[in-house]
Amino acid sequence: MGLLQSENTRMNGEMSTATKRKREDEAHRPDLNTKRKKLLETRRQLPIWSRQKDIRAAVREHDVLVLSGETGSGKSTQVPQFLLDMFKNGKIAVTQPRRVAAISLARRVADEMGTPCGSSSPASKVGYSVRFDQSTSPSTRIKFLTEGMLLQEMLRDPQMSQYSCVIVDEVHERSVNVDLLLGFLKQLLAERRQSKNPLKLIVMSATADIEMISNFFSKAHPISRGHTSADTDADEVSSEASWQGFSDDEADGAVSPDNKVSICHVEGRQYPVKTTYLAQPTEDVIDTALQRIFKIHCGEPMPGDILVFMTGQETIQSLQKLLEELAENLTRDYPKLLVLPLFAALSQPAQQRIFEPAPPNTRKVILSTNIAETSVTVPGVRFVVDTGKAKIKKFRNQIGLDSLLVKPISQSSADQRRGRAGRETAGQCHRLYTEDGFQAFEKDNTPEILRCDLSEALLKMKARGVDDVLNFPFLTPPPREAMEKALMQLLQLGALEEDGKISKIGQQVARLPLTPSLGRVIVEAATLECLAEVIDIVACLSVESVFLNVDTEEAKEKAQEARQRLFRRQGDHLTLLAAVQAYASESSDRRRWADDHLISHRAMKGAMDVRKQLRAQCKMANLFPDDSGPESDNEPPSEAKSDDILKAFVRGFMNNVARLCPDGSYKTFIGNQTVAIHPSSVLFGRKVEAIMYNEFVYTSKAYARGVSAIQLRWLEEVLGS
DNA sequence: GAGCACTGC
């Protein structure tokens, strides 16, 4: 009752809108039903439709179902609906790696079920929850969430008691979050099996790795006998070849007949794609791509757009220039060519252009980074040209440096790229490498957990009560040294006690949507009484670059002039603070202000969202001094306060300090590595006693990003605290 | 004097 009450109170503020929405929904109810019926026809055509009984039986009889299904099988939308009536007392959670996917799947499933979506009506059965946007109702039965969101929920409610079933989708992408989730869920399954409220888990992944995933779930936990399956209807289990209870398959007899994991494969629906390779490896992939694009354009009938996978902004823009020059010279016998770049840093309207239909008699060529491999679906593509390379980030824990280098992609990544040509009709994939080259690729992408700084993952585990992180059930255990390095880092931050248990500070940090270093900065700022200011800066650091890149000399001068008022000699941190304060106090036209200052409006809006969230969380954690609200006054900080702000950052980034050497270079305080100030920094080209930086990235050389000038004596001061 | 692929809380 109390809970219900507060739920109502919370909704009160929006009552008028909510009531209005409800009336609208009721008026549209016949519409919802018509839509549902119409969609039912489409659903029946999906490959997965005929497998409903199998899937239900498997979930009834086993704790875990590992389901592989290629693109177009319909698994993400249908499986939750197939299972819904089996879980009368709890919700079904469905995780997705990306926000847009979670939201659009929720909308689609709501339409298919003939129910309103999310918070639009209290009767809505399908909702979603992503950062900054939670849309559920008291009647929500199926909830789509991002992986990170479910992890946060798990920290607050370790038993996940509101869910009877968790579906983890797109596991083959192997984000750190999905690896953590699966480890936690494996432990939770064992706990909940003993309870009145057992948990079912469905893991959905690409075909290649279902065996390793089912091994993961069946191995370390001993088989439980006689678990609840009162309503089992054995007749429903079909014996199709692609369907296996694990016992049929396991030759070594390690798993008993009533094991708890089953696997199931569902065919996808893709059009055939003809694949070609080079006979000889190419020296100049841009030139080869250029020639191949023209060969396709001049040789293949219309319609059919071309999607080219490349490594980054720079190569994309140079190929775009070459293509446009050559396209000028095309005779009237050929269709026109429209070249469209696609990468994440591109403005939203520029990205939208790929969805607009091309003018008559024009073929689109989309030059894209990896963004088109998973995040963005480009319509109308019949031809894929694949350079076989991508920029891949890897953390080197010995020196605490991220490298971001061009590397060959994996075979599964190459196949994913190829699949982009067969979504609407039969297509072609032109691989700009040899078949031997393809065979030499790694089979799968290296899981992120083997490539990243582990401190955040380990802190989350500690916060969930996993004391022995070295023996955590990892799908792919990271090297011991990497984990030890991360534990050392957490200890140094004061997030762990000497005995390895999580500290009070660690608990506070783990709840924040930040890396442990940035979280520690927040906690330090609270004691130095500069929290509001530090939140503003941290908010900027956790979004894409606030200051826009400018290409031309002319634009650069203009930007320099417009931003002059914002620049602070101490460095990037106080400059970001000045930018946020100026933006926040701009009451009339913020977009125009951003444009005038060559500041990304999108990034600034993102920073304001993060700021709001961090302020709320810090208030909840009582990090603000008594009665002082999180509202900063937008006053420029005094000299002393500026120093405190930077000291707070030094507390979280003690290993990221470098001093100026007589030869004019900067060398890290720990490890004596050479580091250059990144050209995007306001300190670029300046010489100061010492610098502190948030990121240490190796691209063409080792760069420091997010840089401020500090005094070396602060280090001792901060360490004393 | 030279520039970061992509997600997520």
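Remember, it's a predicted structure, so these values are computed and weren't measured experimentally. A, B, ... follow the sequence lines: proteins, then strands. Residue 1 opens every chain.
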Under the rule for salt bridge (charged side-chain N to carboxylate O under 4.0 Å, His left out), what residues qualify as partners of Arg131(A), not counting sequence neighbours? none
Expected output is a numbered-order residue list: members of residues 92-106 of chain A with a heavy atom under 4.0 Å from any atom of DNA chain B. What is it? Pro97(A), Arg98(A), Arg99(A)
Figure out the NZ/C1' separation between Lys389(A) and dC6(B), and round it to whole Å. 19 Å
Considering just the side-chain nitrogens and oxygens of Thr699(A), establish if one lies under 4.0 Å of OP1 or OP2 belonging to dC4(B). yes
For atom CZ of Arg174(A) and atom C1' of dG8(B), their distance in whole Å: 17 Å
Within this structure, what is the CZ-to-P distance between Phe547(A) and dC4(B), rounded to whole angstrom? 18 Å
Given dA2(B), dC6(B), dC9(B), identify the nucleotide with an atom nearest to the side chain of Phe684(A). dA2(B)
Closest-nucleotide mapping onto DNA chain B: is Ile392(A) or Thr515(A) further toward the 5' terminus? I mean the 5' end. Ile392(A)
Looking only at side-chain N and O atoms, does Tyr703(A) come under 4.0 Å of OP1 or OP2 in dG3(B)? yes
Looking at Ser175(A), does any N or O in its side chain come under 4.0 Å of the phosphate oxygens OP1/OP2 on dG8(B)? no
Please work out if Val406(A) contacts a base, only the sugar-phosphate, or nothing of the nucleic acid, heavy-atom cut-off 4.0 Å. nothing
Rounding to an integer number of Å, can you tell me how far Arg611(A) CZ sits from dC9(B) P? 20 Å
Checking Asn370(A) now: which residues fulfil side chain to side chain contact (heavy atoms under 4.5 Å, CB included) with it, not counting sequence neighbours? Glu373(A), Ala390(A), Arg417(A)
For the pair made of CD in Gln617(A) and P in dC9(B), what is the distance, rounded to whole Å? 12 Å
With hydrogens left out and only the distance checked, is there a donor-acceptor pair under 3.5 Å joining Arg511(A)'s side chain and the base of dC9(B)? no
Integer-rounded Å distance: dC4(B) P and Leu401(A) CG: 13 Å
Quick test of your reading of the model: are Glu448(A) and Lys393(A) salt-bridged, counting only N-O distances below 4.0 Å? no
Residue Ala344(A), side-chain heavy atoms: nucleotide from dG3(B), dC6(B), dA5(B) that is nearest: dC6(B)
Taking only Lys NZ, Arg NE, NH1 and NH2, and the carboxylate oxygens of Asp or Glu, determine whether Lys391(A) and Glu314(A) approach each other closer than 4.0 Å. no
Quick one: Lys391(A) NZ to dC4(B) P, roughly how many Å, whole number? 6 Å
OP1 or OP2 of dG3(B) less than 4.0 angstrom from a side-chain nitrogen or oxygen of Ser700(A), does that happen here? yes
Looking only at atom types and distance, does a side-chain atom of Gln411(A) sit under 3.5 Å from a main-chain N or O of Phe438(A), one as donor and one as acceptor? yes
Rounded to the nearest 0.5 Å, what's the gap from CD on Gln613(A) to CD1 on Ile535(A)? Could you check? 11.0 Å
Under 4.0 Å between any heavy atoms, over every strand shown, what does Leu151(A) touch: base, sugar-phosphate, or nothing? Just pick one. nothing
For Ile371(A), report the nucleic acid contact type (base, sugar-phosphate, nothing); a contact means any heavy atom under 4.0 Å. sugar-phosphate
Length of the line joining Gln351(A):CD and dC6(B):P, which is rounded to integer Å: 9 Å
Any Thr146(A) side-chain nitrogen or oxygen under 4.0 Å from OP1 or OP2 of dT7(B): no
Would you mind classifying the nucleic acid contact of Glu456(A) as base, sugar-phosphate or nothing, using non-hydrogen atoms under 4.0 angstrom? base
The criterion is side chain to side chain contact (heavy atoms under 4.5 Å, CB included); which residues satisfy it with Asp209(A), sequence neighbours excluded? His172(A), Ser205(A), Met212(A), Ile213(A)
Residue pairs, two or more places apart or on separate chains, that pass salt bridge (Lys or Arg N to Asp or Glu O under 4.0 Å) and touch residues 406-415 of chain A: Asp415(A)-Arg418(A), Asp415(A)-Arg431(A)
Nearest-neighbour nucleotide for the Thr369(A) side chain, dC6(B), dC9(B), dG3(B) considered: dC6(B)
Would you kindly compare Gly312(A) and Leu512(A) by the position of their nearest DNA chain B nucleotide and give the one closer to the 5′ end? Gly312(A)
Taking only distance into account, with no hydrogens and no angle test, what donor-acceptor pairs under 3.5 Å do side-chain atoms of residues 682-691 of chain A form with protein atoms, sequence neighbours excluded?
residue, atom, partner, partner atom, Å
Arg686(A), NH2, Arg569(A), O, 3.4

What about Glu695(A): does its side chain form a donor-acceptor pair under 3.5 Å with the base of dC4(B)? yes
From the list dT7(B), dG3(B), dA5(B), which nucleotide is the closest neighbour of the side chain of His678(A)? dG3(B)
